[in-house]
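Presented below is the structure to which this report refers.
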Amino acid sequence: MSNILEMRKEYMLPCLGYFYKEPPVFVSGKMQYLYDNNGKKYLDFFAGVSVINCGHSNPFILKRTISQLEKLQHVCNIYLTEPVVELAKKMSQILPGDAAKKSFFVNSGTEAVEGALLLARLATEKSRFIALNGSLHGRTYLTSAVTAIPMWRTDPFLPSENIATFLDTSNYEKAVEQLANILRTSQDFAAFIAEPIQGNAGIITPPDWFFSQISALLKQHNVLFIADEMQTGFARTGKMFAIEHYNVVPDIVAYGKALGNGIPCAGFSAAADIADKFTKPSASTLGGNPVSCATALAVLEYIETENLLEKAQNLGDLLMRKLANLQKKHGIIKNVRGKGLMLGVELETAEQVDFVLETAKTEGVILGRNGITRNVIALQPPLIITTENVATAIATLDNALTAIYAHSSKP
């Protein structure tokens, strides 16, 4: 492992960080488990940041992927293939309302959000956007401009004030009032964009009424609603898409991550009257390739046949109850929040979270970390976990939290 760490320092850019002081070198995975180069087994409770919803190297999905690889791997989306059209049809069936009549497929979430923002500009002939504090929408120039988390606004010359206005969600009632004032005083906004649950900000979960009030204001002023479902999509929260919890039908939806279950696959979809405004030439060399689309179709079939929506809801409820009990036991837990199997445990400091992650890793459980100040433990496991896995994760988390007291009391 030390040799790999040295190679990483020598050959990779320093901007890429790792969760652990001594990171495991993962070499294989099987459903909810990972294995390192020493043969140690880990229960994965982060799923590659909400990607491996259906489990690592899922045999059902792999079979479809390999079958497509053996037939046709790539021709670029300027040529017609069956899988990409079938996937577009499937997306039109599973996205809420008329939000996904037509789709465009790409490689990554950032590219999907970039495309959604561009479509909004083309459809409205307006240039600016409204987003939320705590947002993370991507790492390209435009998507960074609608991102509010300071650590992800890497470009020091980013002129976001010319591109985006951010709502202050420290008070959701006032955020709605702020939006109303913005829309009354400016006619230059193409769209409002939001993650239904903000993952990187710390599993920030708006109240159930919030997006319906936002949507009503947007409709009054002919401003589009873009839902960024990167972390929240494909059964993660107990709904196929998290925006469904809020009884809102967005105009454009951007998605990725879990759609390919580890195979790069993302896209954006829109109602026909909006999508048909995108007539200027566009392409994505690897986007919508036959392998990623065949994989995505297998993912969607697996979610349906294995009842992962219901499983995510039921296991999420169980996990939330157990986390609430931990909160009563451990005073350093400030908050527990989320929906389905997308839950966050807010501690007092980032250092406490780092300690918990290191301790859990030693005990064979992989947890996530997020939050504006990185003080939130993220629990986003593969949706195929069991009740026994939940018990293991809770026991490990309990042990790690208990160990914080002993660690902090050492001279």
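Only a predicted model underlies this, so the values are computations on that prediction, with no experimental measurement involved.
- Closest heavy-atom contact between A254 and V113: CB-CG2, 4.0 Å.
- Judged as a side chain to side chain contact (heavy atoms under 4.5 Å, CB included), and not counting sequence neighbours, the contacts of Q327 are I333, V336.
- Counting only N and O atoms by type, the side chains of N181 and E177 include no donor and acceptor under 3.5 Å apart.
- T65 and T295 share a side-chain donor-acceptor pair at under 3.5 Å.
- Contact check on K339 versus D208 returns a salt bridge, with a Lys/Arg side-chain nitrogen under 4.0 Å from an Asp/Glu carboxylate oxygen.
- In this structure, a donor-acceptor pair under 3.5 Å is present between the side chains of H137 and D228.
- Figure legend: K361 and Y20 shown as a cation-pi pair, the cationic atom lying under 6.0 angstrom from the six-membered ring centre and within 45 degrees of its axis.
- Between the side chains of S144 and D155, no donor-acceptor pair of N or O atoms lies under 3.5 Å.
- Here E363 pairs with nothing under the side-chain hydrogen bond (donor to acceptor under 3.5 Å, both in side chains) rule; sequence neighbours left out.
- Under the 3.5 Å distance criterion, with hydrogens and angles disregarded, a donor-acceptor pair is assigned to the side chains of S292 and N289.
- Between the side chains of E111 and S284, at least one donor N or O lies within less than 3.5 Å of an accepting N or O.
- For the residue pair T165 and R128, a side-chain donor N or O sits within less than 3.5 Å of a side-chain acceptor on the partner.
- Taking all atoms of both residues into account, the shortest heavy-atom contact from L142 to F129 is CD1-CE1, 4.3 Å.
- When only modelled atom types and interatomic distance are considered, N375 and E348 share no side-chain donor-acceptor pair under 3.5 Å.
- Across T237 and T232, no two heavy atoms sit closer than the pair CG2-O, 4.0 Å.
- No donor-acceptor distance shorter than 3.5 angstrom exists from the side chain of S186 to the backbone of R184, with no hydrogens or angles considered.
- There is a side-chain donor-acceptor pair under 3.5 Å between Q380 and Q231.
- One finds no salt bridge joining K174 and D168 here, because no Lys/Arg side-chain nitrogen approaches an Asp/Glu carboxylate oxygen to under 4.0 Å.
- Taking the side chain as every heavy atom from C-beta outward, F234 and I303 approach each other to under 4.5 Å.
- Under 3.5 Å, the side chains of N261 and H56 contain no donor-acceptor pair of N or O atoms.
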Q: List the steps and the verdict of side-chain contact (heavy atoms from CB on, under 4.5 Å) for D36 and V25.
A: CA-CA 5 Å; D36 68 17; V25 178; 5.5 Å; no
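- Note on K257 versus E229: no salt bridge recorded, every NZ/NE/NH1/NH2 to OD/OE distance being 4.0 Å or above.
- Contact record, Y141 with F157: OH-O, 4.1 Å, taken as the closest heavy-atom pair.
- Between F268 and F105, a ring centre-to-centre spacing not shorter than 6.0 Å is recorded.
- Between F104 and F278, the angle of the ring planes stays under 30°, which puts this pair in the parallel group of the 30/60° scheme.
- Annotation: K40, atom NZ; neighbour count of heavy atoms from other residues, nucleotides and ligands within 6.0 Å is above 12.
- A donor and an acceptor atom, one from each side chain of S269 and Y255, are located under 3.5 Å apart.
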Q: Could you walk me through whether R369 and D354 pass salt bridge (Lys or Arg N to Asp or Glu O under 4.0 Å), step by step?
A: CA-CA 8 Å; R369 178 187 68 193; D354 288 341; 2.6 Å; yes
Q. Given T392 and N389, is the side chain to side chain donor-acceptor pair (under 3.5 Å) satisfied, shown in steps?
A. CA-CA 5 Å; T392 297; N389 294 148; 5.3 Å; no
Pairs of donor and acceptor atoms involving the side chains of residues 80-90, under 3.5 Å and at least two apart or interchain, shall be tabulated with distances.
none

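- Aromatic ring orientation, F60 versus Y302: tilted (interplanar angle from 30° to 60°).
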